[in-house]
Amino acid sequence: MSSLRSIAAIAVTTFLLNLPAVAQSLDTAQEHPELGAFFADVGTAGTFVAVNVHTGAAHVFNPERATQPFPPASTFKIFNSLIALETGVVRDPDTHVLKWDGEVRNNAAWNMDHSLRSAFQVSALPVYRGIARQVGLERMTGYLSQVPYVSGDVTARTLDIFWVLSSYTTTALKQVEFLRRLYLNDLPFSQSVMDAVKDIAVVEHGVGYVLAGKTGYTTDVTPGAGWFIGWVEREDGAYVFALNLDVHDRSHVDARVDIARQSLQALNLLP
């Protein structure tokens, strides 16, 4: 038992040393092994991190995994949307029409014209690949260097797909720090751009709260990696969060949002 406590203590210490800047002043991060049941119920492994955007109060399940790198996958659409609007590649999240390229894909929701909002909501990969190409390598890498929450080299060959590749990664901790900066308007983008992206990321408005976020999934690692990242805004404050899990089959893709909701509810952060 003592050895298990030692391992847990080391894990929490490692987590604290890697916490976002807002949480580094904390003496402890509260670990929640009970959240593991939500992952175990669907037969997978993962991590969950939630951080108060103002106080840095942090909650974590599986702190070791919270520092492990995985491709950001479609969660990168948050950043890609910021760049699209800031550069004028997309002029308005609702009225600018992003034309379908005419190629029929298995996902029927992708086979049509989109606004940035609708493309974000259905995670339309072809639309965002097109946005990345229009942004171009120089501007893309320039913004990435200013907000270094992902690691890896972007080339002309990978410009429109790098976020799902195993060579380009982030961690759950880096995701929550990026989201904290977005929530607090502390990114190198115009206020109107950050406001617009935060608006298109809203998942639901509930009584006394707003839930926003973006899912992601890639098969370029084994097992696959799934994400749901975002924030919960309440009358008494806001928390950013990141869930990451192993994807062995479709049920794990489907479970991402449910496990995040269960975790937020267990922490009394979501009704």
Side-chain angles (χ1 to χ4, degrees), residues 15-16 18-26 29-30 47-61 66-67 72-86 90 93-94 116-117 120-121 123 143-150 163 170-216 227-244 256-257 259-261 263-265 267-271:
F15 175 78
L16 286 168
N18 288 278
L19 273 175
V22 72
Q24 285 178 348
S25 61
L26 296 178
Q30 189 171 355
T47 186
F48 183 82
V49 182
V51 175
N52 186 297
V53 297
H54 295 292
T55 69
H59 303 270
V60 59
F61 164 67
T67 64
S74 286
T75 66
F76 188 76
K77 289 184 173 71
I78 296 174
F79 195 83
N80 212 352
S81 296
L82 289 166
I83 298 174
L85 290 167
E86 188 71 27
V90 176
D94 293 300
L116 188 68
R117 184 184 301 274
F120 187 94
Q121 291 171 346
S123 206
Y143 280 111
L144 287 170
S145 68
Q146 293 181 65
V147 189
Y149 86 106
V150 281
W163 53 88
T170 189
T171 70
L173 288 181
K174 290 179 180 178
Q175 293 269 38
V176 293
E177 171 62 1
F178 165 64
L179 292 174
R180 182 194 68 87
R181 292 186 63 190
L182 173 60
Y183 187 87
L184 296 175
N185 304 312
D186 184 33
L187 291 173
F189 299 99
S190 305
Q191 184 65 56
S192 60
V193 166
M194 290 186 285
D195 288 344
V197 173
K198 284 185 281 188
D199 183 62
I200 67 173
V202 170
V203 174
E204 68 182 41
H205 291 268
V207 177
Y209 75 93
V210 175
L211 175 65
K214 184 71 189 73
T215 56
W227 294 95
F228 182 44
I229 70 170
W231 59 89
V232 178
E233 185 178 55
R234 310 185 315 178
E235 294 175 355
D236 59 350
Y239 276 79
V240 290
F241 66 86
L243 172 141
N244 171 270
R256 295 168 298 175
V257 175
I259 295 175
R261 283 180 179 274
S263 299
L264 290 167
Q265 289 166 347
L267 296 173
N268 296 315
L269 302 178
L270 189 69

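Keep in mind that this is a model prediction, so the values were computed, not measured.
For Tyr209, the ring pair (Phe, Tyr, Trp, His ring centres under 6.0 Å) test picks out no residue, with sequence neighbours left out. For Thr215, there are no side-chain hydrogen bond (donor to acceptor under 3.5 Å, both in side chains) partners, not counting sequence neighbours. Applying the ring pair (Phe, Tyr, Trp, His ring centres under 6.0 Å) test to Phe120 and every residue at least two apart in sequence or in another chain returns nothing. With sequence neighbours left out, Phe61 forms a ring pair (Phe, Tyr, Trp, His ring centres under 6.0 Å) with Phe39. A search for side chain to side chain contact (heavy atoms under 4.5 Å, CB included) contacts involving Asp199 returns Arg117, not counting sequence neighbours.
Rounded to the nearest 0.5 Å, atoms CG (Leu243) and CD1 (Ile229) are 10.5 Å apart.
Considering every non-hydrogen atom in both Ala196 and Leu85, the closest pair reads CB-CD1, 3.9 Å. In terms of heavy atoms, Ala260 sits closest to Phe228 at CB-CD2, 3.4 Å. Residue Pro188 comes nearest to Gln146 through the heavy atom pair CB-OE1, 3.3 Å, listed as atom of the first residue, atom of the second, then distance. In terms of heavy-atom proximity, Ala66 sits nearest to Val49 at CB-CG2, 3.8 Å. Across all non-hydrogen atoms, the minimal contact from Asp186 to Met194 is N-SD, 4.3 Å. Contact record, Gln265 with Pro271: NE2-O, 3.0 Å, taken as the closest heavy-atom pair.
Within the 4.5 Å cutoff, the side chain of Val240 has no heavy atoms near those of the Gln175 side chain. In this structure the side chain of Val147 never reaches within 4.5 angstrom of the side chain of Leu82, judged on heavy atoms. In this structure the side chain of Trp231 never reaches within 4.5 angstrom of the side chain of Val53, judged on heavy atoms. Residues Lys77 and Ile200 are not in side-chain contact: their nearest non-hydrogen atoms beyond the backbone lie 4.5 Å or more apart. Side-chain contact between Leu269 and Phe241: absent, with no pair of heavy atoms (C-beta onward) separated by less than 4.5 Å. The shortest side-chain heavy-atom distance between Leu179 and Ile78 falls under the 4.5 Å cut-off. Side-chain contact between Asn185 and Asp195 is present, with at least one heavy-atom pair separated by less than 4.5 Å.
Not less than 6.0 angstrom separates the ring centroid of Phe79 from the ring centroid of Tyr143.
Among Tyr149, Trp227, Phe76, the one residue that satisfies the ring pair (Phe, Tyr, Trp, His ring centres under 6.0 Å) test with Trp163 is Phe76.
Atom CD of Gln191 has more than 12 heavy atoms from other residues, nucleotides or ligands within 6.0 Å.
Checking Thr171 against Lys174 by side-chain atom types alone, no donor-acceptor pair falls below 3.5 Å.
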Legend entry - Derivation of the side-chain contact (heavy atoms from CB on, under 4.5 Å) call for Phe48 and Leu267: CA-CA 11 Å; Phe48 183 82; Leu267 296 173; 3.9 Å; yes

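The salt bridge (Lys or Arg N to Asp or Glu O under 4.0 Å) pairs that include a residue from residues 200-210 are Glu204-Arg261, where partners are two or more places apart or lie in different chains.
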